[in-house]
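Structure first, then comments.
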Amino acid sequence: MTVRTRYAPSPTGALHIGNVRSGLFAWLFARHHRGAFILRIDDTDRERSTVESLNEILESLTWLGIEWDEGPPNPEYFQANRFHRYREAARELLRNGRAYPCYCTAAELDAMRKQAEREHRKPGYDGRCRDKPFPPDIELPDARAGRNYTIRFRSPRHGETVVDDLVKGRAVFDNAELDDLIIFRSDGVPTYNFATVLDDADFRITHVVRGDDHLPNTPRQMQIFHALGLTPPAYAHLPMVMGPDGAKLSKRHGATSVFAYRDAGYLPEALLNYLARLGWSHGDQEIFSRDELIAYFDFDACGKSAGIFNPEKLLWLNFHYMKERPLDQLAREVRPFIEKRGLPIPGDDAWLAKMVATLRERAKTLVELVDFAVFYLKDEIDIDPKAAAKFLKPEMAPVLMELANQLGSIDNFNEEAIKAAFERVMAGHNLKLGQLAQPVRVALTGGTVSPGIFEVIAVLGRERTIARLRDAVRKTHSVG
RNA sequence: GGUCCCAUCGUCUAGGGGUUAGGACACCGGCCUCUCACGUCGGGAACGCGGGUUCGAAUCCCGCUGGGAUCACCA
């Protein structure tokens with residue numbers, strides 16, 4: 001039997017990285033077994049579902065390279081388009097007595113819960129409508145047509161339900177602990193646990209891979225499978241991703257959506273690698289290509305305990321992938337971040353690549369790289385007053401002038417020749433490289449930190465370099 | 001509170017009866033050096049507690065403690 005896994009996000013908000021990791025593992029498992037990965041949209045909640053959110057899901061997965069074999073835009077993979085199927089299944093359950101109408105109102109249910117809580121009993125539904133007689137061909141609820149009731153699943157009262165989880169191992173649930181859950185709401189909409197079962201059944205999902213927050217739902221879903229005469233799929237419940245405070249990762253932990261990381265200048269390979277390695281391992285290996293991930297992935301190598309999201313390690317991975325990227329590709333990826341910043345690019349693609357080459361080992365994200373690149377890109381730079389006070393002293397003026405002249409007379413304006421020009425100036429004034437490089441650095445970049453001074457000059461070009469040196473000379477007078 | 005899940009450095013993890021408990025991120029120090037980085041070398045840092053089983057337990061079993069998830073006419 002070929003493996004079929006699915007990822008079923010609901011389009012009700014940003015695509016969260018904790019959530020997308022479950023999708024990643026489902027995808028890896030399917031790819032590893034040369035099976036199919038299905039993307040299904042859980043949009044039964046039409047109030048909260050939006051197209052923006054749907055697009056974000058699709059774009060995020062595409063950006064990460066998690067491609068689906070079946071799913072959108074095919075309309076059959078949207079729950080909203082499958083209501084006929086849910087209704088049919090609910091009628092079947094009503095006919096064979098595995099479900100029943102419940103006439104309790106939301107207010108009554110609420111009161112029931114509160115009462116139980118006061119008496120320190122479990123807050124579940126007490127089954128008061130369970131044994132009321134009803135016609136087997138009773139219509140499904142529809143509050144607008146006056147059929148103001150819900151349909152509940154008749155859950156077995158005795159025995160136990162065993163989940164043999166691929167990640168967690170065996171979990172045994174006492175059926176007496178499971179109350180009769182609503183499978184159809186009074187507005188005629190099926191609930192999640194019911195719709196999910198039918199989808200997983202109809203799409204012939206062999207392995208349900210999801211976060212372990214769904215583990216408590218699993219015995220209920222298995223019971224519905226059985227009531228429908230179907231065999232449940234295998235389950236793999238992955239541990240959650242937590243924030244630094246140890247609680248389930250959520251918006252209040254800051255940037256958590258895939259888009260947020262994309263926009264912050266992270267590379268998809270880095271995020272993918274990081275997410276895969278959170279809760280899964282392959283010996284001591286830290287860096288994995290997509291193909292390696294697929295080749296090595298296995299639930300046996302998944303940990304059982306929740307993992308805390310570590311932004312520093314993600315940063316390190318991003319840095320790694322930026323360093324090993326082909327230069328022209330990295331330059332191409334940096335470009336939109338420069339544009340977004342409203343900065344001009346004073347050269348062609350080859351120039352941009354040279355600029356990126358000097359910066360890539362100093363920046364951990366694309367955004368950070370652009371931060372460092374400002375002095376290359378802007379015509380006018382701001383000089384840090386403290387740096388100027390320390391390095392642009394009046395006695396440096398003639399030295400900088402001479403360097404400008406030397407640089408002006410070079411034939412081939414390359415690093416080698418630039419270095420030779422420096423050496424001539426240093427020899428003439430009896431200076432060491434450090435004594436010359438820092439003032440020049442301040443003059444050219446506005447600060448005391450930059451790539452090697454020869455490469456900076458080579459990238460900046462003769463015109464700009466000389467202009468900035470002269471500017472700096474003028475400033476030494478005003479300082480002095 | 002009920003139910004379920006989980007427990008090795010700060011974090012991600014390897015190790016599943018005998019190991020100086022390994023790696024990675026982060027941190028600290030040396031080297032490299034025109035600054036900052038990169039790189040490189042080195043360092044500190046962990047088996048939650050208590051009982052068993054065993055010649056021997058981080059490893060197997062039980063309990064405790066701690067953490068998490070979940071208990072909707074949300075998904």
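Chain identifiers are assigned alphabetically (A, B, ...) following the order of the sequence lines, protein sequences preceding nucleic acid strands; residue numbering begins at 1 within each chain.
- As a whole-Å value, the separation of A/D212 CG from B/A7 P is 11 Å.
- Nucleotides B/G50 and B/A58, compared at atom C1', are 16 Å apart to the nearest Å.
- No cation-pi contact links A/R220 to A/F153, judged by a cut-off of 6.0 Å to the six-membered ring centre and 45° from its axis.
- Taking side-chain N and O atoms only, A/T191 has no distance below 4.0 Å to OP1 or OP2 of B/C73.
- One interatomic measurement links the two molecules: CG of A/L359 to P of B/U35, which rounds to 18 Å at whole-angstrom precision.
- Protein atom OH of A/Y274 is 8 Å distant from nucleotide atom P of B/C12, rounded to whole Å.
- A distance of about 14 Å separates the C1' atoms of B/U8 and B/A57, rounded to the whole Å.
- Checking side-chain atoms of A/T5 against main-chain N and O of A/A26 turns up a donor-acceptor pair under 3.5 Å.
- Considering all non-hydrogen atoms of both residues, A/P156 and A/Q223 come closest at CD-OE1, 3.5 Å.
- For A/F297 and A/F299, the distance between ring centers is under 6.0 angstrom.
- B/C71 atom P lies 15 Å from atom CG of A/L109, rounded to whole Å.
- Remark: A/K304 is in phosphate contact with B/C6, judged by side-chain N or O atoms under 4.0 Å from OP1 or OP2.
- Defined by atom type and a distance below 3.5 Å, a donor-acceptor pair is missing between the side-chain atoms of A/R82 and A/Q79.
- Here the straight-line distance linking atom CG of A/L314 with atom OG1 of A/T365 works out to 11.0 Å at 0.5 Å rounding.
- Counting to the nearest Å, the P atom of B/G23 and the CD1 atom of A/I287 are 17 Å from each other.
- Neither OP1 nor OP2 of B/A24 sits under 4.0 Å from any side-chain N or O of A/R277.
- Across all strands shown, A/Y125 has no heavy atoms under 4.0 Å from either base or sugar-phosphate atoms.
- Atom name P, nucleotides B/G16 and B/A72: the rounded distance is 42 Å, in whole Å.
- For the pair A/A437 and A/N148, nearest-nucleotide mapping onto RNA chain B gives the more 5' position to A/A437.
- The base of B/C36 lies outside donor-acceptor range of the side chain of A/S450, with no N or O pair under 3.5 Å.
- Looking at heavy-atom distances under 4.0 Å, A/K168 makes contact with sugar-phosphate atoms alone, never a base.
- Side-chain atoms of A/E286 and base atoms of B/G23 include a donor and an acceptor less than 3.5 Å apart.
- As a whole-Å value, the separation of A/F83 CZ from B/C73 C1' is 13 Å.
- Nearer the 5' end of RNA chain B, as judged by each residue's closest nucleotide, is the contact made by A/G303, out of A/D213 and A/G303.
- Within 4.0 Å (heavy atoms only), A/H237 reaches no atom of the nucleic acid at all.
- Using a 4.0 Å cut-off, some side-chain N or O of A/K323 falls inside it from OP1 or OP2 of B/G39.
- At whole-Å resolution of the value, CG in A/D284 and P in B/U8 are 17 Å apart.
- Going from atom NE2 of A/H320 over to atom P of B/G39 covers 11 Å, rounded to whole Å.
- Note on A/E177: only backbone sugar-phosphate atoms sit closer than 4.0 angstrom, heavy atoms only; bases stay farther off.
- Look at A/S281 and you won't find any side-chain N or O under 4.0 angstrom from OP1 or OP2 of B/C12.
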